[in-house]
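A quick write-up on the structure given underneath.
Owing to the predicted nature of the structure, the values given are computational and were not obtained by experimental measurement. Counting starts at 1 for both ligands and their atoms, in listed order.
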Amino acid sequence: MNFIPISEAMRKGKGKVAVRGWVYRERGSNKLKFIVLRDSTNIIQCVLEKNKFEKQWQDIDKLQIESSIEIEGEIKEDKRAPTGFEIHATNFKLVGESNEFPINKDLNEELLGDRRHLWLRSRKMSSILKIRDTVLKSLREHWRSRGFYEFNTPSILGMQAEGGSTLFKVDYFGKPLYLCQTWQLHAETGIYALEKIFTIQPSFRAEQSKTSRHLTEYWHAEMEVAWAKFEELQDDAESAIKDVIKNVLAENKSELKILERDTKILESSLKKKFPRITYSDALKLLKEKKKMNISWGKDLRTIEEDKLSEIYDTPVIVSLYPKVVKAFYMKEADKHPKEGKVVLGFDVIAPESYGEIVGGSQREESIKKLTENLKEQGEDPSKYEFYFDSRRYGGVPHGGYGLGVERLLSWICKLETIKDASPFPRTMTRWYP
Ligand code: 4AD
Ligand code: MG
């Protein structure tokens, strides 16, 4: 038998086909068996008649959900079948049995989490995983087509970059090291070799919060460029997100349909320019439109980001945050509002209350300022000597950003929890399987 994917068999639409996969649903009588077969491409109804399979009927009659089988037969259109086609089987082979597949509609979130390795086979999860693939591919293509090199850095590091409170300690042959929160510090040295670089690799955050948008391990798509201007970094983040949306809308129509995603907001996000406002503007807007009073200098929390996102039908870019709420490496702006010092940092906040999907900045070039900032955070600047070298030997203006792959995917698919954006999520309370 020459097996073809179910989607291809449906395109063919008539004649002899051979397909293989797993039993998605089964029902029948002692004369007739209806099997909905699933492979990675689609599902299709198959009909097996007892009088054609006398010898194998015992196997066929016992078939349970997720058994693996091969089927050969005639395909034809049938409006009543779940995907509009049906295969009348002439050949059947049982490949692998499945007894009492332990996934059903009544499982709570905890049990589905424990059985994640099996739940991945669901139409919901496999649709999300396909869209995730488009997201990763689009980001790579976005940067590659602009002359960026893929550049990787270690996941075990001796220093923090995003604040000590979310560091995971690693016992490294008795020495206390950490899991990386970002590739950024090493990337800032890499641009002196390659100028324009990106990575897509895991980052780790010891997030104590059990929210719908925090993972302890997530995939981080980051870029760093030499000679960067602050505006250009925002332009690139906007166009990277648009490239992702464009490809998902073009390539994942059926997956978005399975997820029942209304795509209106994805379409408006693709068409419109993302509004760019400052942190101070954001406070004004929140006060005027949402009756929220936030004192200048406080970071925008989930609730504020969510209220802000309600004002727009595209992502919004917020920049020029107070220096005190941002990382040590962000460059201080030349001009400051009367309220206090600001940095050339920006966040991209997703619509529909999906929070921050990108964080980026122009990088501080002054070793003196970096040292002061680190000391203020209680860090030991001597751990950062390699980093300072990027300023000592031919330093240039530069910057970059990081995009949370699962955050973006969560929004694109409108998921209830970020956990579903990852095949095997890691949170404070979830590390199995
Ligand atoms: O804003 P963050 O902390 O910025 C950085 O790490 C920079 N060093 C990036 C850079 O300039 N190269 O993180 C960047 C993004 C956030 O906007 C968010 O999308 C995602 O990473 N992120 C998380 N995603 C899932 N779970 C978490 N706990 C996350 N923390 C951050
Ligand atoms: Mg951030």
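For Tyr384 and Phe328, the distance between ring centers is under 6.0 angstrom. For an aromatic pair to be called close, the ring centres must be under 6.0 Å apart, and Tyr149 with Trp143 fails this. Between Tyr321 and Tyr279, the gap from one ring centroid to the other is short of 6.0 Å.
Shown here is Asp262, whose CG atom has more than 12 heavy atoms of other residues, nucleotides or ligands within 6.0 Å.
Among protein heavy atoms, the minimum distance from atom 13 (O) of ligand 1 is reached at Arg205 NH2, 3.6 Å. Closest to atom 29 (C) of ligand 1 among all protein heavy atoms lies Tyr218 CE2, 3.5 Å. When hydrogens are left out, the protein atom nearest atom 19 (O) of ligand 1 is Ile357 O, 2.9 Å; that is the closest non-hydrogen contact. When only non-hydrogen protein atoms are considered, atom 28 (N) of ligand 1 lies nearest to Leu215 O, 2.8 Å. Among all non-hydrogen protein atoms, the one lying nearest atom 17 (O) of ligand 1 is Glu356 OE2, 2.6 Å. Looking only at protein heavy atoms, the nearest one to atom 14 (C) of ligand 1 is His220 NE2, 3.3 Å.
Partner of Glu66 under the salt bridge (Lys or Arg N to Asp or Glu O under 4.0 Å) criterion, chosen from Arg25, Arg115, Arg121: Arg121. Tested against Asp347 for a salt bridge (Lys or Arg N to Asp or Glu O under 4.0 Å), the candidates Arg407, Arg276, Lys326 yield a single pass: Lys326.
Side-chain atoms of Trp22 and Ser67 include no donor-acceptor pair closer than 3.5 Å.
Under a 4.0 Å heavy-atom criterion, Gly400 is in contact with ligand 1. In this structure, Glu207 is part of the shell of residues with a heavy atom less than 4.0 angstrom from ligand 1. Residue Arg363 places a heavy atom under 4.0 Å from ligand 1. The shortest separation from a heavy atom of Arg213 to ligand 1 is under 4.0 Å, placing the residue in contact.
Less than 4.0 angstrom separates some heavy atom of Val358 from each of these atoms of ligand 1: 17 (O).
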Query raised in the report: Does the pair Leu233 and Phe346 meet the rule for a side-chain contact (heavy atoms from CB on, under 4.5 Å), with working shown?
Result: CA-CA 9 Å; Leu233 298 170; Phe346 69 95; 3.9 Å; yes
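Counting backbone and side-chain atoms alike, Glu356 contributes an N/O/S atom closer than 2.8 Å to the Mg ion (ligand 2).
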